[in-house]
Amino acid sequence: MSSAKSESERLLRQISEIAASPMERARAMPPAIYTNQEIHDLEQMRIFRKSWICIGRADALSEPGDYLTFTISEQPIVAISQRDGTVRAFANVCLHRMMVLLSGEGNCRRIVCPYHAWTYDIDGRLIGAPQMNRTEGFNARDNALPELRCEIWRGWVYVSLDPDVAPVSDLLRELEPVVDRYRMENYVQVATQDHVWDTNWKLLTENFMESYHLPIAHRATVGAWFPVDDTGFPDQRHSHFTYETFKKNKDATYGLAHANNDVLEGEWRRTSVMPTIFPTHMFVLAPDHLWYLTLMPKGTGQVHVRFGAALAPEVLAGLDDPEAFLRDTIGFFDKVNDEDRFVVEGIYKGARAPLSTGGPLSWMEREIHDFICYLSGALGG
Ligand code: FES
Ligand SMILES: [Fe+2]
């Protein structure tokens, strides 16, 4: 047995022990789980090629030809809105000599390869290929981009490389009663950003999952708005997601129901739900806005981060100066992101240090324990 292999097996044993321990005795994962190449390869095989990956919001795909790209486990993909209003996903790689076709997001009438102009309909069929008339046996119309599973759930676009994965709504059924009171499918996206951060994806996921750091790392922004004792967790552990709920105090600039919100009642008007849908779709769902991220590891030490923000429709409708409001709001969340970037890049440096070790968890890090249980199961630890 190679030593790399025995090291990853030892790490999997360690995380299965943490998963099996009660929350009161749970510890953070060992540092090498974030830096070990073998663990990274296992994650790609057993998690990212097998799961639903959220790539963004469905309201970015409302017109035929609207598209959104992402890369799942080295596979460039594109989700594209069809003439019948459905959304389909395809491998975003040309059938000629494998050029990546589309990038970013936008709208197109056809997909034209930037290399030699092979041209595809938005339904993935090849409809044109210049100069191929002398190539024996070639008929453009025999070819189409490979199609992937694509589903919309509550306004989110999910794509999977696994043709046999269960439908998103089956996996998230128990989350629906928790989030449906907000009607998040109606929230209107106002910003998206893509970044690459120098950290391991699991450190960023764990950072998102705990509000223990909010009063400290975010004291200049959202940190002052949380009575931490009001943090709540699900009664039982779920296989495909976890979440916490928290309340905002009445001074919060963001996170309280708008006066014209007539669906949320009582405490729910100041309560947010913060789900993590395994492996990498996370969002803060507040009465007035939502804020999300979805991730894809780029090796052990970098992660592609896609952020987005959306507003409840009554918030947008009630704005006197939408441009100024959006500028302020996006600027505010940029600051929150910078605060998170500082800590998640810092803990990655810490995780690489030879004297580091994972310490005990607080009650507020319950979701991290849920995540360790999920990882241990998914990686076969
Ligand atoms: S690689 Fe796309 S047309 Fe040649
Ligand atoms: Fe944070």
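Counting convention: from 1, in listed order, for ligands and their atoms alike.
Within the protein, the number of N, O or S atoms lying under 2.8 Å from atom 2 (Fe) of ligand 1 is 2.
The salt bridge (charged side-chain N to carboxylate O under 4.0 Å, His left out) analysis of residues 307-335, with sequence neighbours excluded, yields no pairs. Applying the salt bridge (charged side-chain N to carboxylate O under 4.0 Å, His left out) rule to pairs touching residues 281-307 yields Asp194-Arg306, sequence neighbours excluded.
With sequence neighbours left out, Tyr212 forms a ring-ring contact (aromatic ring centres under 6.0 Å, His included) with no residue at all.
For Trp153 and Phe241, the gap between ring centers reaches or exceeds 6.0 Å.
Note on ring orientation: taking the six-membered ring where Trp is involved, the planes of Trp225 and Tyr254 are tilted (angle from 30° to 60°).
Side chain of Ser73 to main chain of Phe48: no donor-acceptor pair is present (N/O by atom type, distance under 3.5 Å, no hydrogens or angles). For the pair Ser81 (side chain) and Asp66 (backbone), a donor-acceptor distance under 3.5 Å is absent.
Asp340 contributes OD2 and His218 contributes NE2; the angle these two atoms make at the Fe ion (ligand 2) is 90°, rounded to 10°.
Taking the Fe ion (ligand 2) as reference, the nearest N/O/S atom within His213 carries the name NE2.
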